[in-house]
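Read the structure below first, then the notes.
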Amino acid sequence: MIACRNLSKSFRIFEKKPGLSGSLRQLFKREYRSSHAVDSFNLEIGKGEFVGLLGPNGAGKTTLMKMLTGIIVPTSGEALVAGHQPSKREIPFRKKIALVMGQKSQLWWDIPAMDSFLLLQRYYEIEEKAFRKRLGDLSELLGVTNLLNVHIRKLSLGERMKMELMACILHEPDVVFLDEPTIGLDVIAQKNIREFLGSYQKQKNITVVLTSHYMADVQSLCNRIVLILDGKKRFDGSRSEFEDILGREKSISLRFEHAPNIDDHAWSKMDPKWSNNNFQVELRIPEATMRQTLADILLRFPVIDVVSEKMAVERVMETLLKRPELIPESR
Amino acid sequence: MSLAVNSAKWTQTMQVAWSNQLVYKLNFLMLVLGPVLVFFFIKYNLWSSIFSMPGVTTIQGYDLASMLEYQVWVMIVALLAQSYNNMKLAEDIRLGRISSYLIYPFGFWQFHTASFFGTQVIQIIVSILTVFAVAAFGFDLNLSLDQTPAAIAFCVLVSLLWFAIAFILGLAAFWLDETWVLRVIFVIIAQFLSGAIVPLEIYPVWFRSFLDYTPFPYMTYVPVKLFMGAYEGHIGTAFAIISFWLTVSVLVATWTWKRGIRMYSGAGM
């Protein structure tokens, strides 16, 4: 569904020295430097995949997405999305894709969502009956039926995001690009959007590429992870492979009734991180010996709470961003 | 694509332009009343005091009544032809908002052109109301029935020319971070050279002959004179010259768009 070979994009960035003298100087002589936002990127994504595109700010995720949606033209390389070259921006291509940008509203600010939807109905040439059905289903599913006639600018961020999502899938695209769809939303709204995206993707078997800094999104939605650092692809594999990069270990957090002896040799092999006046510890335990190790600890120490890690992706991501050298070369 | 499907896209976009225009009540009221208020408070007073100075009875053939009549038609022509706001267009580019139009199957220029047509419909209504409002204040507008159809046709061309120019100035945002300076400079120059501030008869003959080849006189002076039934030049030539400039502007706009969009970076997406 998506394929790109040696896709690259470089920008010319203008640099200005601070202060008045810098401002005056830049009037006469400007210093530019070239920045490679995306560098020789290769990627193949099949139909029905839900791919998480991860990387720190400025890694090139958004630039890659912009190239795949045809918003910007690549400096070199080839891309093919849903059978089209995105940079040609052909109308049949535009009807097959959708882009949701969490940071930017695509709906018209000063009119009610319904007016925007009617406009999109015309743009995407959606038949009246299908349009009414989809609109009804989606607005019910997202719980926004009573907000359709409210001006977009009067909606809360979460409500607006739901409208943005509806606007982007009304035409039932084959490929959906989601650029931080849950940014700035409260926990409940994030969860709603996440659940909706998950069930919608499964139901329609569409291809989704997601970028998000909320690892909960990635953990619950993506079955494949592509890691991009400094414009280059550094990892591409299933989510479980990603989670196992740092070894098959689980992170377990324990809370104690009173502080145990932290010098006990039992801890030393488990990379303990003590907190809360030694009332709490985070341990890393190999999956293979987990049962035995935990049983021993529970017998010997006054444990009152055991929490197993829920967000392996987040832990791996955090470690890899600090120590990129841990990323396996072959990926 | 069938004509019906395509026209549905255009009419729906025009409806959105209307909704956008009418959403802020006070803003719309100012849009309707603004030009009339400016006319009565500034232009009327200004020209009345100039003509009340000792010895001033006519200026290059205009007495107070005909000067005021000229200024009323300047206002109407501006309402009909100069209403579309390209600031939004430039902002769309600078803030990366055109990204949406590169994804919707209805492009950026189509969207803005349809919005322009939508805005024009409102402006025509506002202009007609303004003509009645001015007439209600006792102004004799001497509407010339001979030349009025030509004047209206001319205004259509002038509005398209202004739109094409606004589009080009807006597209400059692909290269420049701020384009409002360009627009302000262009509007000021156009105001003076098109006869929107003072009738072109004030300028020396040699300068007017030169201006005749530029688009400026056709942007205000010619349609105003046509409305007044006092245009003495050859109407066919005037139409030919403005059509020429319109074609040039459309070509430049198309070329600028094609160049700009290739280097567009979708800032902030």
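We use all heavy atoms of the structure for the numbers below, so side chains are in, but hydrogens, waters and symmetry mates are not. On a predicted model such as this, the values are computed, not experimentally measured, just so you know. Throughout, protein chains are lettered first and strands after them, A, B, ... in sequence-line order, and every chain is numbered starting at 1.
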(message) Counting heavy-atom pairs closer than 4.5 Å to chain B, which one of A:I111, A:L118, A:D110, A:V73 comes out on top?
(response) A:D110
(message) Using a 6.0 Å cut-off, check whether atom CZ of B:F210 has over 12 heavy atoms from anything other than its own residue.
(response) no
(request) Please test A:F11 against A:T63 for side-chain contact (heavy atoms from CB on, under 4.5 Å), starting from the C-alpha separation and ending with a verdict. (result) CA-CA 10 Å; A:F11 292 107; A:T63 306; 3.9 Å; yes
(message) Please find the pair of heavy atoms, one from A:V38 and one from A:L64, that lie closest to each other, and give the distance.
(response) CG2-N, 3.9 Å
(message) Evaluate B:F186 against B:I189 for side-chain contact (heavy atoms from CB on, under 4.5 Å), listing each step before the verdict.
(response) CA-CA 5 Å; B:F186 185 83; B:I189 293 175; 5.8 Å; no
(request) Sort by residue number and list every member of residues 154-170 of chain A having a non-hydrogen atom under 4.5 Å from chain B. (result) none
(message) Among B:W109, B:F108, B:F116, which residue satisfies the ring pair (Phe, Tyr, Trp, His ring centres under 6.0 Å) criterion with B:H112?
(response) B:F108
(request) Answer with side chain, backbone, both or neither: which region of B:I98 has an atom nearer than 4.5 Å to a non-hydrogen atom of chain A? (result) neither
(request) Answer yes when A:D174 and A:K96 have at least one side-chain N-carboxylate O distance shorter than 4.0 Å, and no when they do not. (result) no
(request) Identify, with sequence neighbours excluded, every residue that meets salt bridge (charged side-chain N to carboxylate O under 4.0 Å, His left out) alongside A:E90. (result) none
(message) Just so I understand: if I count every heavy-atom pair under 4.5 Å between each of A:Q121, A:R153, A:H151, A:K9 and chain B, which residue has the most?
(response) A:R153
